[in-house]
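To find a chain, count down the sequence lines: A is the first, B the second, and so on, and within it residues start at 1.
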Protein chains: 2
Amino acid sequence: MTLQSDLSANPTSEEVAASLRRAILAHRVGPGSKLVEDEVGDVFGVGRTIVRTALQSLSHEGLVTIIRNRGAFVADPGIREAREVFEARALLEPRTSRSAAQRVTAAGIEGLRAHIAAEHRALESGDLGQAVYLSGLFHTAIADMADQSTIAGMISTLVSRSSLVVALYWRRPQALCESHAHHALTDAIAAGDGDKAEDLMKGHLLDLLANLDLRERSVIGGSLRDAILAG
Amino acid sequence: MTLQSDLSANPTSEEVAASLRRAILAHRVGPGSKLVEDEVGDVFGVGRTIVRTALQSLSHEGLVTIIRNRGAFVADPGIREAREVFEARALLEPRTSRSAAQRVTAAGIEGLRAHIAAEHRALESGDLGQAVYLSGLFHTAIADMADQSTIAGMISTLVSRSSLVVALYWRRPQALCESHAHHALTDAIAAGDGDKAEDLMKGHLLDLLANLDLRERSVIGGSLRDAILAG
DNA sequence: GACAATTGAATTGTATACAATTTCAGCTCA
DNA sequence: TGAGCTGAAATTGTATACAATTCAATTGTC
């Protein structure tokens, strides 16, 4: 099994973190999975120092939980945290969508539509994890359009954490982020209609929250190596 | 010169980070200052490994900027970033103040008043940096009362970064966070008046922003060792 | 069989050695 | 003078050795 092309010969900690991030966001490693330093280091051909830095990075994003002397685990948000993440998004994203609509560019809209298309393709090909990942990218792309990098960074982190929440609590794997909502949002932004964009985003987030089953949970297992290398 | 009492014999990276954080937030090390790993390690009696972890932690909080092969520097936010930080706070804090008012407890109010008193004392004793630090703790304390740890964490980070912004762009060092605003906020929260708390916080943040001079900048120098050990 | 104690393997925490890179003082030359 | 060069010193990046801790399997006891 060979390494992926997006990994350079001597990866930096940020490259390792990015690769692990994708694996987590696409649900190729499930919440709670142990991330052993040596094991990860072998996958990327680096020492523990770099892996350690990457894991610390991901822990600051809330994607990984580090317990002293016990190691790093893919974060396993509880029901409380799941709610909190969406409440935080509800404070940030609607107004940010409004800003995005006010600063809309042709390139921005093109990007949003490309994200929707990619997500659609992933869903059709049955790659559910990838679809969740791409659905998150759509939200992040909107935040980036608002030209507020601080807020965009926070939203990006929250969207990432939402991916874990979805892995654990999503009700109906078939009907993910109904791309209808994403289409409508894109249209409102393209039209420069800030009011509508804000409303649509608010509704969309409520919709997502409503589709979470905040009682039970699912589990995902498998080989760490395969999971990281597959994407 | 001896080490401080709040530092254990073998500090963890989090303890080192906390100590550095206080030094930065109290303006004992100015924006742009270089933080040399060996130098910091000598101050705390630890190797570079722990210092490195601490610095990475602070860099994720936006208090330190790490440039590859060049090292770590106290963050030096530009005008753009200064605005963004306050715009983000404007999205989060007013509604969080409302939540705090709705869940108010006697202990919470007591804590807020203690923060105000401490800030007042620091101002009277002329320790401006300490006053800025304590003023930030007041805002963080409100966020904690709202019982939303995710949002509270984001606010805490933004408040920290605001301290750097204040160090660089504050107009009138004498009239800091006029504790009048903090008193009024505390009263509204104590009364459980969510509407008023939200409004007051919104106004308070606008007031802070208005007191920034987003054109010029000041510089602070001195010995790193003294700065860290002084507080 | 269930449970606690024991002990060796696996894993993480830290310092440190060495390599790679940057910094800077001293030098040269226009 | 000042711009560019040079090499030594300072600093950071990475792997690794060793210590400390946790984990897991085995044994022994009830």
When the side chains of residues 60-69 of chain A are checked against the rest of the protein, which donor-acceptor pairs come out under 3.5 Å, sequence neighbours left out?
residue, atom, partner, partner atom, Å
A:His60, NE2, B:Ser57, OG, 3.4
A:Glu61, OE1, A:Arg21, NE, 2.9
A:Glu61, OE2, A:Arg21, NE, 3.4
A:Glu61, OE2, A:Arg21, NH2, 2.6

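- Spacing between atom CD of A:Glu37 and atom P of D:dT21 amounts to 16 Å, rounded to whole angstrom units.
- Listed by chain and number, the residues in a side chain to side chain donor-acceptor pair (under 3.5 Å) with B:Gln130 amount to none (sequence neighbours excluded).
- A:Ser97 pairs by the side chain to side chain donor-acceptor pair (under 3.5 Å) definition with nothing, not counting sequence neighbours.
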Polar-atom pairs under 3.5 Å, protein N or O versus N or O of nucleotides 15-19 of chain D: list them with distances, or write none.
residue, atom, partner, partner atom, Å
D:dA15, OP1, A:Gly47, N, 3.3
D:dA15, OP2, A:Gly47, N, 3.0
D:dA15, N7, A:Thr49, OG1, 2.4

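- A:Glu15 places its CD atom 15 Å from the C1' atom of D:dT14, with the value rounded to the nearest Å.
- Residue B:Lys34 places none of its side-chain N or O atoms closer than 4.0 Å to OP1 or OP2 of D:dA10.
- Each salt bridge (Lys or Arg N to Asp or Glu O under 4.0 Å) pair with one or both residues in residues 122-142 of chain B, not counting sequence neighbours, would appear here, but there are none.
- Here salt bridge (Lys or Arg N to Asp or Glu O under 4.0 Å) pairs that include residues 143-156 of chain A, with residues two or more places apart or in two chains, are A:Arg103-A:Asp147, A:Asp147-B:Arg80.
- In the region residues 63-73 of chain A, proximity to DNA chain D at under 4.0 angstrom, judged on heavy atoms, holds for A:Asn69, A:Arg70.
- The CZ atom of B:Phe44 sits 3.5 Å away from the OG atom of B:Ser19 when rounded to the nearest 0.5 Å.
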Check nucleotides 5-9 of chain D against the protein and report each pair of N or O atoms closer than 3.5 Å, with its distance, or say if there are none.
none

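- Taking A:Ser149 as the reference, B:Glu84 meet the side chain to side chain donor-acceptor pair (under 3.5 Å) condition, with sequence neighbours excluded.
- As rounded to whole Å, 9 Å separates atom P of C:dT12 from atom CG of A:Leu55.
- The distance from atom CG of B:Asn211 to atom CH2 of B:Trp170, rounded to the nearest 0.5 Å, is 4.0 Å.
- Looking at residues two or more places apart in sequence or on another chain, you find no ring-ring contact (aromatic ring centres under 6.0 Å, His included) involving B:His120.
- Look at CD on B:Glu39: it is 13 Å from P on D:dA10, rounded to the nearest Å.
- Evaluation of the ring-ring contact (aromatic ring centres under 6.0 Å, His included) rule for B:Phe138 yields B:His182 as partners, not counting sequence neighbours.
- Legend: residues meeting salt bridge (Lys or Arg N to Asp or Glu O under 4.0 Å) with B:Arg113, ordered by chain and number and at least two apart, are B:Asp187.
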